[in-house]
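For reference, the structure discussed in these notes is given below.
Side chains included, hydrogens not; waters and symmetry mates left out as well; all remaining heavy atoms used. Here, residue 1 is the first one in the sequence, and each next residue gets the next number.
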Amino acid sequence: MEKPDRLARLWLVVRSLSVGSLATLFDLGTLALLVHTFGLDPRLASLPALSIGVVAQFFGNKLFAFQDYRADWLRQGLLFLAVEALGFVANLVLFHVAVTFTPLPILPMRLAITSLVYFGLCLPLWSRIFSNAASSSSELKGES
């Protein structure tokens, strides 16, 4: 019984990483569009770009990665937003510092910063919201 659990966890991680990758593409695409097409300062463009990534993370993880179709949107959304607020601020501050003090290109820099925040802060915290939901969902189906 242990192998199916490991395989299920592996697929969950793969799905979650896929969601994170897609959310990052939304973030980077929005950032590039706002900076390079509309001429916004990268520090100002960072806010809407990150917002789009956060929305993609929530819906993607709830519906695709964790396959949680329960109508627990408000509670999960509020918990998710509370955790994401920490990550959001961390991304904004780190990006601001990096743009201010380094000559590095903004897109690779954004990728490095969001990866650090995603794996080091957000994923460990907000994955609990959906892992608890996944456990509750299994209990509702009569699984153990």
Side-chain angles (χ1 to χ4, degrees), residues 3-141 143:
K3 278 189 179 183
D5 287 343
R6 285 185 186 173
L7 186 58
R9 287 183 187 148
L10 174 64
W11 283 118
L12 176 64
V13 169
V14 168
R15 289 190 310 266
S16 185
L17 288 174
S18 298
V19 168
S21 297
L22 185 61
T24 299
L25 288 176
F26 288 160
D27 175 15
L28 294 177
T30 303
L31 183 64
L33 179 72
L34 293 174
V35 170
H36 297 297
T37 302
F38 295 105
L40 275 175
D41 181 277
R43 289 167 283 236
L44 293 176
S46 184
L47 181 65
L50 281 172
S51 297
I52 289 171
V54 168
V55 170
Q57 284 280 22
F58 176 73
F59 284 101
N61 275 294
K62 178 171 174 55
L63 298 174
F64 177 69
F66 290 90
Q67 299 175 344
D68 180 6
Y69 304 113
R70 295 175 307 132
D72 198 11
W73 293 94
L74 182 60
R75 184 188 69 81
Q76 288 176 328
L78 290 173
L79 290 171
F80 184 86
L81 283 176
V83 171
E84 278 299 288
L86 294 173
F88 197 81
V89 170
N91 272 298
L92 287 174
V93 169
L94 292 173
F95 189 74
H96 177 79
V97 169
V99 167
T100 302
F101 295 107
T102 70
L104 298 173
I106 63 166
L107 295 183
M109 184 176 20
R110 165 69 106 210
L111 187 59
I113 289 168
T114 56
S115 294
L116 176 68
V117 172
Y118 179 79
F119 287 109
L121 178 66
C122 295
L123 185 61
L125 294 175
W126 59 251
S127 66
R128 292 178 181 209
I129 296 166
F130 296 113
S131 65
N132 290 338
S135 297
S136 299
S137 180
S138 294
E139 290 168 8
L140 289 174
K141 293 178 184 175
E143 299 170 3

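Looking at heavy atoms from C-beta onward, Ser18 lies out of side-chain contact with Ser21 at the 4.5 angstrom threshold. Residues Phe80 and Trp73 have side chains not in contact (no heavy-atom distance under 4.5 Å, counting atoms from C-beta outward). Residues Leu79 and Arg75 are in side-chain contact: their nearest non-hydrogen atoms beyond the backbone lie under 4.5 Å apart.
Residues that satisfy the ring-ring contact (aromatic ring centres under 6.0 Å, His included) test with Phe64, not counting sequence neighbours, are absent from this structure. Scored by the side chain to side chain contact (heavy atoms under 4.5 Å, CB included) test, Leu78 finds Leu74 as partners (sequence neighbours excluded).
Note that CD1 of Ile129 is 8.5 Å distant from CG of Leu81, once rounded to the nearest 0.5 Å. For the atom pair CG (Leu125) and CZ (Arg128), the distance works out to 7.0 Å, reported to the nearest 0.5 Å. Going from atom CG of Leu111 over to atom CG of Leu31 covers 11.5 Å, rounded to the nearest 0.5 Å. Atom CG of Leu33 sits about 5.0 Å away from atom CZ of Phe38, to the nearest 0.5 Å. Taking CG of Leu40 as the start and CG of Leu34 as the end, the distance is 5.5 Å to the nearest 0.5 Å.
Shortest non-hydrogen contact noted between Ala23 and Gln57 is CB-CG, 3.8 Å. When all heavy atoms of Thr114 and Leu50 are compared, the pair lying nearest together is CG2-CD2, 4.3 Å. Of all non-hydrogen atoms in Ala45 and Val35, the two that sit nearest each other are CB-CG2, 3.8 Å. Looking at every heavy atom in both residues, Ser51 comes nearest to Leu47 through OG-O, 2.9 Å. Summarising the geometry of Phe26 relative to Ala56, their closest heavy-atom pair is CD1-CB, 3.5 Å, with the distance given to 0.1 Å. Minimum heavy-atom separation, Ala49 to Thr30: CA-CG2, 3.7 Å.
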Under 3.5 Å, which donor-acceptor pairs link side chains of residues 91-102 to any protein atom two or more places apart or in another chain?
{"residue": "Asn91", "atom": "ND2", "partner": "Gly87", "partner atom": "O", "Å": "3.1"}
{"residue": "Thr100", "atom": "OG1", "partner": "Arg43", "partner atom": "NH1", "Å": "3.3"}
{"residue": "Thr100", "atom": "OG1", "partner": "His96", "partner atom": "O", "Å": "2.7"}
{"residue": "Thr102", "atom": "OG1", "partner": "Ala98", "partner atom": "O", "Å": "2.5"}

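By the 30° and 60° cut-offs, the orientation of the rings of Phe66 relative to Phe130 is parallel.
Among residue pairs with one or both ends in residues 49-67, those qualifying as salt bridge (Lys or Arg N to Asp or Glu O under 4.0 Å) are Lys62-Asp68; sequence neighbours excluded. Screening residues 77-88 for side chain to side chain donor-acceptor pair (under 3.5 Å) gives Glu84-Trp126 as the qualifying pairs, with residues at least two apart or on separate chains. Residues in residues 100-124 take part in these salt bridge (Lys or Arg N to Asp or Glu O under 4.0 Å) pairs, two or more places apart or across chains: Asp27-Arg110.
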